[in-house]
Engineer: 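Input: one structure, supplied below.
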Amino acid sequence: MLSNLLEYHWVEDVDDALILLSRPDIKTVPLAGGTYLLGQNDEDESIQAVVDLRDLGLAYISEDQRGIRIGSMTTLQSMAEAPLLKSFLGGLLAQAAQYSAPSPLIRNAATLGGTLALGASAQADLLTALAVVDAEVVLRSGQKTQVDLRGGTPERPGLALSGVTYKGKQERRLPYHRLSLERRPQELIIEVQIAPPGRGWGTALERVGRSAVDTALLTAAALVEVENGRYRSVRLALGGVNMEPQRLPTIERRLEGQPVQDLRLLAAAVQAGLTDFRPPADFRASQGYRRVCGANLAYRALEEAANIARWRDITSSEGRA
Amino acid sequence: MELELRINGVIKSLDVAPNELLLNVLRREGYYSVKHGCDHGHCGACTVLIDGQPRPSCVMLAMQAAGATVTTVEGLGSFRRLHPLQETFIDAGAVHCGFCTPGMLLSAYALLQRNPNPSEEEIRDALAGNLCRCTGYNRIVQAVQRAAALLRGEDIEPISIPDSGSRTRPWDLGPAPLEPGEQTSEEAQPVHAMMGRPERQVDAIKLVTGKPAFADDCHLPGLLYARLLTSPYAHAIIREIDTTEARALPGVHAVLTYKDIPRIPYTSAGQPWPEPGPHDQYCLDHIVRYVGDRVAVVAAETAEIAEQALKLIKVDYEPLPAVFDPRQALEPGAPQLHPEPESYGIYDANRNIAAHVQFEQGNVERAFAGAELIVEGEYVLPQIQQVALENHVAITYWDEDNRLVVRTSSEAPYHVRRLVAALTGLAPRWIRVIAPRVGGGFGAKRDLLVEDLCALLTLATDRPVRLEYSRADEFRSSRVAPSHIIRLKTGLRRDGTILANQMLVLVNAGAYGGQAVPLSVGSGLNSLPLYPCPSLRYSAQAVYTNLPPAGAFRSNGAWAGLFALESHMDEIARRLGMDPLTVRRKNWLKEGEILPFLPLAQAAYQFATPQAALAPTQLAETRLTHCGLSHCLQVVEEQLNWREKRRQGQGQNQSGRIQRGVGIALAMHLPIPRPSLLSSATLKLNEDGSFNLLISLPENGNGSHTIFAQIAAEVLGVRPEDIFIHPPDTDSTPFDTSSDSSSSLYACVHAVRQAAAQVRQQLLSVAARLLNVPAESLTLADYVIRAPGGQSLNLSQLALQALYGEQPRPISATASWSATCSAPTFAAQGVEVEVDTATGAMHVIKVVSAIDGGHIVNPVLAEGQIESGIAQGLSYGLCEEMVYDQQGNPLTTNLNDYRIFSARDMPETSIVLMEGDGADPLDIRDIGEIAIAAAAPALANAVADALGVRLRQLPLTPERVLHALYVARQQAARAAT
Ligand SMILES: Cc1cc2nc3c(=O)[nH]c(=O)nc-3n(C[C@H](O)[C@@H](O)[C@H](O)COP(=O)(O)OP(=O)(O)OC[C@H]3O[C@@H](n4cnc5c(N)ncnc54)[C@H](O)[C@@H]3O)c2cc1C
Ligand code: FES
Ligand code: FES
């Protein structure tokens, strides 16, 4: 519970949300599904106001030439069920959203934006998947110019904002892997954009938990592109509970340009590249386990993604021929 | 803030604080079907539909529902017109304690709304966020499938026998006064024997419609909310405690610490007086002995104020050295948990031994010396949590006669009254304990955890007070099923004959030893007798450590003893190169043999303090008159396709990533015999020919009330739904020692039967007078008493005549039963498992269970109990474990970190109930506690079959499996070089 919550705001405009969030005198945070804000063990007693993002029209999944766009208020369940995401990248994101919260109750509430904002504390497989698809996150904040808002905004004179100084709005994009480091506290996550893969791609998602509905002790996601039987690009990430998803560039580089069918080579690359992988230890699993299991899952994910990619490469080059 | 909510189609305008949770608002408004189970969105008990989508209302502000439609189970269907899902949940036996039921129903409803023909997998996924600890989920899945079929307009065969709708049948007063010998005109309704039939649970309708059936489902004006301050140290002295600021906080009405109440040694374990074992607890003490131990308690206007007040209490702790491992606790110089002279009943306080039980027969050492093979093994079981979905909760208040009412979710109302009396100084006559339905107990609700403090707060404030544990409190400050270290040593002949068996048990009793004696007895009593041999040695010590106190978990440690023994039997078979079933068959208990241990167990209770060395041989021996082991094992062997599957397993196909294996384990359950077990029942006739049954055994979801109704109905020739059972209330329901649920159930069954028999006798004698025939010539069946000459009277006419006619008299009886215990239950269980050798993760494919459980009163309920036991057994076998850091802080304090089985984890089950030859209808035995014990060893045996590697420590986590495989490969490599 948010024991010191004094204000609850519904807004229909992103700008209004940004105005409320930038008030210096009353700590205001965005409220998406609320599953974390209200469900975490140690409540944040400093929060005095929330802005409900529900009516901002940010729950959407759409596609254009640049790829897929997913609004930050899209729930994990919508992502898991959306036909568009079930086919895009072999269903990688839909599957990851489904895995992210094994409880459909949570999936119906928890949002993409909340998950991204939380980063590692979200314990989400989705983040590991986002790490391999090179997602871009669109953020908005009020930063540039200063406007005195005593008495409200011109469009919304009713908004009680006495004493607030609003610094105008700004939109920017961040590659997903820089999000948790670079996002500023008042920045609102608007959407995620993912470019479509090239020809001959394949994806795979592997995970292990203590039970069928456990948070992942470890998740491996792979996106592989194959051309003429060789790895054109390899993207591999490992993540899991209490971990920021981690890309494994050594493995990726070692494989790129190599023949796909050489499994010994794959095993060697995984072995060699896993020295980069320093997973945490916690009561669920030791670091040693995560390393051994990480190697196994990475191998499996790459093998599967490469098989799919190779098959797709062959069929598409047949199509071209 | 004002908020308009559309709840179940009705628009409500509510005054809501910005931070109020939807769950709390709904309950405050009387939607009691929305339950509080975990606070974090992990359990699904609080599920509601928001615009048709199921969401947890505990992690949602009420404001978030503005403008949305909210649906609770109250809006699904009423008792007059149930929704098909509510119907099929009852029909399929999917409702046990009923605490999870509203949430399950809503999740299922939402699924069927968008997918009228879901696959089994889709159903399991839709229910994956709704945890249930009582069922094994499969019946719930079945209920959803059946409802889907009904909604699609298909016909389905009923599973259980519906009630006949007597609640809506008009009451025909008939002609009055009745002339002697006059015949009644009403056609009687056909009633057959009530026993052995899949009757529907008599209390299911209120549960599927979300009626306020549980302790917390009420609201009292002026209610104060209590919260508990617990120790952050595993062991410390409270040097000073200052509550000035907390008391000064507006809205705070009382703060209690050890300074405010007398220091009385007691045990919180709800056991018959005089409780066996240590009296080593103090309601609030100046020493704290585990992280989570009680320090202070606050009552305030709201839960938030109470929580705030806790932060204002200043405690100056002097940390003391702490010990968490029982082996270290036994060592000289280890920190001593109970040096205080006031505590009594401790076996050896200097060595931290709370209880010690020992048994020996034959010459064990000589037998070992003469054995051709000795097999030894050490088995480790973790500390686990019972995880009833309903948390501990009590509400206390003064009634209009200035008596203290304690409304509690307890399984032992009379013990609560006795203990609250002792701790508050009120005489029992000033205390009334009401124990409505219990939302799952599994042993944890036999301890007094909240009632005493809640009562003391009502005494201090003169206001109604509610003290409810949060889920984190349950993990931190409740009772746990203790960790065990069990060492087995067996001496054998090469042909597989066991010559001597020795079991040494170390139970981690935690900080208080309330259940130390039963726990020391339980693991041996329910395992070693499976394989009697000339020389037997059993020794168990329950040892204090600075961890939460040990309690029961669906038996007193039987599951621990059986995990060790049944794993060990497979190891013996491997060492002998024999089939595991052959070794068992060669050595197992047979009819006519003497049950070892029984005298010892009795003695442990008789000498409430088992200080003295016991002389078990002087006590009566019990010979086994019936044993269904062989039959059970045969069934499991066939259904599991043992021979074929074993050939494929054995870790032979080592190269494959996925390995399969099968394993079998046997189990027995013998309720611990107590000398002071007493149950009573009162039955009285109503004017319309129905009956009230008053008993003091709360219904916790095991179906006991339905069984009682069936038994009374059978004797009285009526249907079970015409037996109305009153929830336990120490003011009106008769005395019961309700301790071990199993033995109490057994005793209560007999009390009910006797009360019914006496009422029947009274009915017949009134009828005999009215019909002018001898009572012996009359029969009573189908609501009608018939005389040989063809005259008859229906029950309602008889009731009117008896109560208002000539020589009026009430028809009622109270009977009691005090017995040793029921006959043992036997079981065999088989598990087929698939192991992923890359991750160590496991997938249980199938469980086969055969139970020799005496006369089965209700097969649907019985199978439900067994399925539930399988679910719990697999759950702790695979994923349950309470973990602490080095300071004794629990790391698993929610249902995300501590995993229990969900609908998606549960495998296919096949359950066979053996009734034996012409089972004696009085041979009613416990079946609720046996199924939990065999699943884990069968699982471990299956894993050994799949991988060729034995895991001796539970749970079988992916890491343990992978580690064991790694070690085995290393050893194999070393052996090869
Ligand atoms: C029982 C349970 C189990 C869970 N298990 C998992 C799991 O295994 N994996 C998983 O992924 N999730 C899990 N979750 C969900 C988890 O709480 C979050 O990961 C969830 O995704 C947060 O989403 P939300 O919409 O509910 O966020 P909220 O709780 O509303 O917000 C979370 C944080 O993000 C901020 N925020 C929200 N939206 C935005 C935005 N658009 N821009 C900027 N900041 C924003 C909020 O201010 C807040 O600080 C679980 C939740 C529960 C209750
Ligand atoms: S999910 Fe809300 S109480 Fe458990
Ligand atoms: S019936 Fe599901 S928790 Fe009790």
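Nothing here was measured: the structure is a model prediction, and the numbers come from that model. A note on names: the letters A, B, ... follow the listed sequences, proteins ahead of strands, and every chain is numbered from 1.
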Engineer: Of the listed residues (Arg54(A), Arg290(A), Glu7(A), Arg300(A)), which shares the most heavy-atom pairs with chain B below a 4.5 Å separation?
Structural biologist: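 Option with the greatest count: Arg300(A).
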
Engineer: Run the side chain to side chain contact (heavy atoms under 4.5 Å, CB included) check on Tyr137(B) and Leu127(B) step by step: do they pass?
Structural biologist: CA-CA 9 Å; Tyr137(B) 296 103; Leu127(B) 301 178; 5.9 Å; no

Engineer: Could you tell me whether the side chains of Tyr966(B) and Gln970(B) share a donor-acceptor contact shorter than 3.5 Å?
Structural biologist: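 Short answer, yes.
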
Engineer: Taking atom types as modelled, is there a side-chain donor on Ser902(B) or Asp905(B) under 3.5 Å from an acceptor on the other?
Structural biologist: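 Judged by distance alone, the side chains do pair up.
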
Engineer: Please state whether the side chain, the backbone, both or neither of Met1(B) comes within less than 4.5 Å of a heavy atom of chain A.
Structural biologist: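 Contact with chain A involves the side chain of Met1(B) alone.
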
Engineer: By a 4.5 Å heavy-atom criterion (distance strictly below it), what part of Val213(A) contacts chain B: side chain, backbone, both, or neither?
Structural biologist: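 Both backbone and side chain of Val213(A) come within 4.5 Å of chain B.
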
Engineer: Just checking His963(B): does its NE2 atom have more than 12 heavy atoms from other residues, nucleotides or ligands closer to it than 6.0 angstrom?
Structural biologist: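 No, because the 6.0 Å sphere around NE2 of His963(B) holds 12 heavy atoms or fewer from other groups.
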
Engineer: Could you please spell out the steps behind the side chain to side chain contact (heavy atoms under 4.5 Å, CB included) verdict for Asp44(A) and Lys27(A)?
Structural biologist: CA-CA 11 Å; Asp44(A) 186 346; Lys27(A) 178 162 177 186; 3.4 Å; yes

Engineer: Quick one: what part of Leu891(B) sits under 4.5 Å from any heavy atom of chain A, side chain, backbone, both or neither?
Structural biologist: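 Backbone plus side chain of Leu891(B), per the 4.5 Å heavy-atom cut-off to chain A.
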
Engineer: Measure Ala838(B) against the heavy atoms of chain A and call it side chain, backbone, both or neither at under 4.5 Å.
Structural biologist: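 Both backbone and side chain of Ala838(B) come within 4.5 Å of chain A.
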
Engineer: Is there side-chain contact between Ser470(B) and Arg227(B), with heavy atoms separated by less than 4.5 Å?
Structural biologist: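 When only atoms from C-beta onward are counted, Arg227(B) and Ser470(B) do touch, with a gap below 4.5 Å.
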
Engineer: Is a donor from one side chain sitting under 3.5 angstrom from an acceptor on the other, for Arg899(B) and Ser211(A)?
Structural biologist: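 No, Ser211(A) and Arg899(B) have no side-chain donor paired with an acceptor closer than 3.5 Å.
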
Engineer: Among Asp214(A), Leu105(A), Asn296(A), Val208(A), which residue forms the greatest number of heavy-atom pairs with chain B at distances under 4.5 Å?
Structural biologist: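 So the answer, after comparing Asp214(A), Leu105(A), Asn296(A), Val208(A), is Leu105(A).
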
Engineer: Is chain B contacted by the side chain of Asp52(A), its backbone, both, or neither, given a heavy-atom distance below 4.5 Å?
Structural biologist: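 Side chain only.
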
Engineer: Count the heavy-atom pairs under 4.5 Å between each of Asp836(B), Asn24(B), Leu878(B), Thr957(B) and chain A, then report the option with the highest count.
Structural biologist: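 Top option by heavy-atom pairs under 4.5 Å: Asp836(B).
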
Engineer: Which atoms of Met60(B) come close to chain A, meaning under 4.5 Å heavy atom to heavy atom: side chain ones, backbone ones, both, or neither?
Structural biologist: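 Just its backbone gets close to chain A.
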
Engineer: For chain A, which candidate among Thr47(B), Ile900(B), Asn130(B), Leu61(B) shows the most heavy-atom pairs at distances under 4.5 Å?
Structural biologist: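 Most pairs with chain A among the choices: Leu61(B).
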
Engineer: Answer with side chain, backbone, both or neither: which region of Gln64(B) has an atom nearer than 4.5 Å to a non-hydrogen atom of chain A?
Structural biologist: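 When you check distances to chain A, atoms from both the backbone and side chain of Gln64(B) fall under 4.5 Å.
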
Engineer: Is Arg124(B) close to chain A through its backbone or its side chain, or both, or neither, when contacts mean heavy atoms under 4.5 Å?
Structural biologist: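 Neither the backbone nor the side chain of Arg124(B) comes within 4.5 Å of chain A.
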
Engineer: Do Arg210(A) and Glu881(B) meet the salt-bridge criterion of a basic N to acidic O distance under 4.0 Å?
Structural biologist: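 Not counted as a salt bridge, because no side-chain N and carboxylate O are separated by less than 4.0 Å.
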
Engineer: For Glu206(A), which atoms come within 4.5 Å of any heavy atom of chain B: side chain, backbone, both, or neither?
Structural biologist: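 For Glu206(A), neither part sits under 4.5 Å from chain B.
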
Engineer: May I ask you to check whether over 12 heavy atoms, not counting those of Gln261(A), lie within 6.0 Å of atom CD?
Structural biologist: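 Result for CD/Gln261(A): open.
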
Engineer: If I measure from the heavy atoms of chain A, does Thr839(B) come under 4.5 Å with its side chain, its backbone, both, or neither?
Structural biologist: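 The answer is both parts of Thr839(B).
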
Engineer: Quick one, Tyr289(A) with Leu217(A), criterion side chain to side chain contact (heavy atoms under 4.5 Å, CB included). Give me CA distance, side-chain angles, the key distance, then yes/no.
Structural biologist: CA-CA 10 Å; Tyr289(A) 171 77; Leu217(A) 297 175; 4.2 Å; yes

Engineer: Of the listed residues (Thr892(B), Asp125(B), Leu131(B)), which shares the most heavy-atom pairs with chain A below a 4.5 Å separation?
Structural biologist: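 Ranked by heavy-atom pairs under 4.5 Å with chain A, first place is Asp125(B).
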
Engineer: Ile47(A) versus chain B, heavy atoms under 4.5 Å apart: side chain, backbone, both or neither?
Structural biologist: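 Contact with chain B is absent: no heavy atom of Ile47(A) under 4.5 Å.
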
Engineer: Among Leu58(A), Asp55(A), Leu56(A), find the residue that satisfies the side chain to side chain contact (heavy atoms under 4.5 Å, CB included) test when tested with Met73(A).
Structural biologist: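 Among Leu58(A), Asp55(A), Leu56(A), the one meeting side chain to side chain contact (heavy atoms under 4.5 Å, CB included) with Met73(A) is Leu58(A).
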
Engineer: Closer than 4.0 angstrom, basic N to acidic O: yes or no for Asp15(B) and Arg28(B)?
Structural biologist: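 Here Asp15(B) does not pair with Arg28(B) in a salt bridge, since their nearest N and O are not under 4.0 Å apart.
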
Engineer: Answer with side chain, backbone, both or neither: which region of Ser107(B) has an atom nearer than 4.5 Å to a non-hydrogen atom of chain A?
Structural biologist: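 Ser107(B) touches chain A through side-chain heavy atoms alone.
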
Engineer: Should Arg133(B) and Glu880(B) be marked as a salt bridge (charged side-chain N to carboxylate O under 4.0 Å, His left out) after you check the CA-CA gap, both sets of side-chain angles, and the distance that decides it?
Structural biologist: CA-CA 13 Å; Arg133(B) 191 60 154 173; Glu880(B) 293 184 36; 2.8 Å; yes

Engineer: Find the one option among Ala66(B), Cys58(B), Gly44(B) whose heavy-atom pairs under 4.5 Å with chain A are most numerous.
Structural biologist: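 Answer, by heavy-atom pair count under 4.5 Å with chain A: Ala66(B).
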
Engineer: What part of Asp39(B) gets closer than 4.5 Å to chain A, counting heavy atoms only: side chain, backbone, both or neither?
Structural biologist: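 Just the backbone, heavy atoms under 4.5 Å.
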
Engineer: Give, as side chain, backbone, both or neither, the part of Arg284(A) having an atom under 4.5 angstrom from any heavy atom of chain B.
Structural biologist: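 Contact with chain B is through both the backbone and side chain of Arg284(A).
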
Engineer: Checking heavy atoms, do the side chain of Gln48(A), its backbone, both or neither come under 4.5 Å from chain B?
Structural biologist: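 Nothing of Gln48(A), per the 4.5 Å heavy-atom cut-off to chain B.
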
